[in-house]
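Okay, structure first, notes after.
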2 protein chains.
Amino acid sequence: MNKKKQQTEQTKKKIADAARALFAQKGYKATSIEDIVKATGCSAGNIYYHFKNKEGLFLYLLEEWNTEWDKTWLDKETLYPTAIDKLYGMAEHLALDQLNHPLTKAADEFFNNSEKAPDVEERIHEMVKGYLDFNRQLLQRGIDNHEFETTNVTGLAIILDSLMLGLNQHSRRMEREEALEAYRLAMDVFLHGIAKPTRTR
Amino acid sequence: MNKKKQQTEQTKKKIADAARALFAQKGYKATSIEDIVKATGCSAGNIYYHFKNKEGLFLYLLEEWNTEWDKTWLDKETLYPTAIDKLYGMAEHLALDQLNHPLTKAADEFFNNSEKAPDVEERIHEMVKGYLDFNRQLLQRGIDNHEFETTNVTGLAIILDSLMLGLNQHSRRMEREEALEAYRLAMDVFLHGIAKPTRTR
DNA sequence: TATAACACTGAACTTTTATTCAGTATTATA
DNA sequence: TATAATACTGAATAAAAGTTCAGTGTTATA
């Protein structure tokens, strides 16, 4: 039970790699199984042998990306002592990940596309919830540290995610430095706002 | 030259209305010409008589939506004296428009989909530029009024647009009041930030 | 070594899609 | 009224898509 498992792993990776690149370049719907067949050199049947279907293949890539992101972030996180530092760090991390990571565009398309199996829809829901939880924890830490003054943690988690989501779309048309700058500025605004300090609160 | 123009206007509207509803419900790609045929009762050929193709039909709806938005906003704008008021007003306007307006999801899908004719791509680029210009003007007014302290108007226009873009996605899963609240909170943050007023600037 | 489990092929199947076009009916024009 | 322009039909086209499956060779198991 060795050469077979190894073979399976290898071709599964080959398919995943090719699919990732294609989804990134052309989007989810526009990438056909035939495209992946051509790119990998293996047959259509083989793809369906290793993955349930096109949806399943894409979901696999999303999960892979998610865990990868978590891992690299955990490595970085310790470098940032305060919650504010963490926010800027996360912004930078996202900016770079999204620039380097090819899947964001296709992911958006997939997320917003209605033709998904119910269980897939469910899984995506969980992912989004995961992002929001992540934000919530980050914000809560800032509150506990007396860095932030706010009570509506859940609301702000959505605002933060919205900001990152929207920037993600814009940053597609940006160069690396431009994108990093935009993410930094977004965090400046998120932390300090743009109004003159005549606070009415 | 009357009954014919009238007829054309009527069926063009009928097709546009049906298409809008379908695109909203199912997304751009998932809506087929056949769907529109069934919904309108007119033939496929007729749709291609009035619109260049599927892309052209969708673009027509986008343009229509854009001009409609501009018009209703211009009516509202005068109600808000300061730039800050205008920002909150715009947020509310967007929140309601996006809730009522069915096309946002399909628009996202369309925007991010690579298979567009070059001239369509160009037109979309112009639209995005229009949004950013709109933001820029609003922010500039706030600076002139001494409401905002900032110099990077272009950067902030992108941040503001990103925020609205991201909220748009989240608000799809929200009720009316919830969405309005989220948009308001987003503006609070955009204006005042979340950090304690120990400003380092 | 015989049998079972596995990795894989690739053509065939089924749907679905956007788009076209020869032809028809209605309305305007001269 | 004759002719031209216009609004429309609907079947045909043609390409593309996701998915399946009978069959082939290879590796593990007993």
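Salt-bridge check for A/Glu181 with A/Arg184: passed, with a basic side-chain N closer than 4.0 Å to an acidic carboxylate O. A salt bridge links A/Asp133 and A/Arg136; the closest N-O separation between the charged side-chain nitrogens and carboxylate oxygens is under 4.0 Å. Between B/Glu178 and B/Arg173, no side-chain nitrogen of the basic residue sits less than 4.0 Å from a carboxylate oxygen of the acidic one, so the salt-bridge criterion is not met.
In plain terms, the two heavy atoms of A/Lys86 and A/Tyr80 that are nearest each other are NZ-O, 3.0 Å. Taking both residues in full, the closest heavy atoms of B/Leu138 and B/Ala83 are given as CD2-O, 3.8 Å, listed atom of the first, atom of the second, then distance.
The stretch residues 35-47 of chain A comes close to DNA chain D through A/Gly45, each having a heavy atom under 4.0 Å from the strand. The stretch residues 7-16 of chain B touches DNA chain D through B/Gln7, B/Thr8, B/Thr11, each having a heavy atom under 4.0 angstrom from the strand.
Distance B/Phe51 CZ to C/dT20 P: 16 Å, rounded to the nearest Å. At whole-Å resolution of the value, NZ in B/Lys29 and P in C/dT16 are 16 Å apart. If you take CG of A/Asn53 and C1' of D/dC21, they are 17 Å apart, rounded to a whole angstrom. Computed from coordinates, the A/Lys3 NZ to D/dT26 P distance equals 10 Å when rounded to whole Å. One can place CD1 of B/Ile33 at 9 Å from C1' of C/dT19, the figure rounded to the nearest angstrom. Between the P atom of D/dG10 and the CD atom of B/Glu34 lies a distance of 12 Å, rounded to the nearest Å. Atom-to-atom, NZ of A/Lys5 to P of C/dC8 comes out at 15 Å; the value is rounded to the nearest Å.
For residues 7-16 of chain B, the pairs satisfying side-chain hydrogen bond (donor to acceptor under 3.5 Å, both in side chains) are B/Thr11-B/His50, B/Lys13-B/Asp17, with sequence neighbours left out.
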Pairs under 3.5 angstrom, nitrogen or oxygen only, protein versus nucleotides 3-5 of chain D, please.
{"residue": "D/dA5", "atom": "N3", "partner": "B/Lys4", "partner atom": "NZ", "Å": "3.4"}

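Using a 4.0 Å cut-off, some side-chain N or O of A/Tyr48 falls inside it from OP1 or OP2 of D/dT19. Applying the 4.0 Å criterion to OP1 and OP2 of D/dA7, one finds that B/Tyr49 has a side-chain N or O inside that range.
Between A/Phe58 and A/Thr31, every side-chain heavy-atom pair lies at or beyond the 4.5 Å cut-off. Looking at heavy atoms from C-beta onward, B/Leu62 lies in side-chain contact with B/Trp65 at the 4.5 angstrom threshold.
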Contacts under 3.5 angstrom, residues 155-168 of chain A side chains, donor-acceptor by atom type, not counting sequence neighbours:
{"residue": "A/Asp161", "atom": "OD2", "partner": "B/His170", "partner atom": "NE2", "Å": "2.6"}
{"residue": "A/Ser162", "atom": "OG", "partner": "A/Ile158", "partner atom": "O", "Å": "2.8"}

Exercise. Hey, mind stepping through B/Arg20 and B/Glu64 against side-chain contact (heavy atoms from CB on, under 4.5 Å) and telling me if it holds?
Worked result: CA-CA 11 Å; B/Arg20 195 183 304 111; B/Glu64 202 184 47; 2.8 Å; yes
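B/Glu177 is linked by a salt bridge (charged side-chain N to carboxylate O under 4.0 Å, His left out) to nothing, counting only residues two or more places apart in sequence or in another chain.
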